Amino acid sequence: MSDDADDTGSDTTALAELDGWRAEGFAARVHYRGADDRYSIEYYEPSECVVYWKVKGDGETAVPVGRDTVPNPLRTRIREDLSAAGIDPEIESRQL
């Protein structure tokens, strides 16, 4: 992330240019549907962190989940997306 205050929001803007991502101020979100599971993944620019949410069957309720419960292919995709947006992909593994 840039140290220039004028660039605030630039990471989320860069993510929003990637397939499936949407930016909302200082956060960006993408949704993923696997064979049996649905996730919402959020990147928060001010704290440079990624949070995984598992979406319940009703599609309305989501609960935060630990990275160790998220399928590796999804985590790999998120790291690739971060990298494509010019964000250090190592922050994906950052503990909150």
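Values below: every heavy atom of this structure, side chains too, minus hydrogens, waters and symmetry copies. Computed from a prediction, not measured in an experiment: that's the story for all the values here.
- Cluster membership for V50 and V55, using ILVMFWY side-chain heavy atoms within less than 4.5 angstrom, is not shared.
- Looking only at distances, no side-chain donor or acceptor of R67 sits under 3.5 Å from a matching main-chain atom of Q95.
- Every pair passing side chain to side chain donor-acceptor pair (under 3.5 Å) that includes a residue from residues 30-41 is listed here, sequence neighbours excluded: D37-K54.
- Rounding to the nearest 0.5 angstrom, the gap separating the CD1 atom in I87 from the CD atom in E48 is 8.5 Å.
- In this structure, R79 contributes its side chain and S93 its backbone to no donor-acceptor pair below 3.5 Å.
- Between atom CZ of residue R77 and atom CG of residue N72 there is a gap of 15.5 Å, rounded to the nearest 0.5 Å.
- Counting non-hydrogen atoms of neighbouring residues, nucleotides and ligands closer than 6.0 angstrom, the CZ atom of R94 exceeds 12 such neighbours.
- Annotation: the span from E24 atom CD to R29 atom CZ amounts to 4.5 Å, rounded to 0.5 Å.
- Under the side-chain contact (heavy atoms from CB on, under 4.5 Å) criterion, T69 pairs with V65, not counting sequence neighbours.
- F26 CZ to D11 CG: the interatomic distance, rounded to the nearest 0.5 Å, is 11.0 Å.
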For residues 13-21, please give each side-chain donor-acceptor pair under 3.5 Å, one per line with the distance, not counting sequence neighbours.
| from | atom 1 | to | atom 2 | distance (Å) |
| --- | --- | --- | --- | --- |
| T13 | OG1 | G9 | O | 2.9 |
| W21 | NE1 | D81 | OD2 | 2.7 |

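- Across all their heavy atoms, E92 and I78 have their closest contact at CG-CG2, 4.1 Å.
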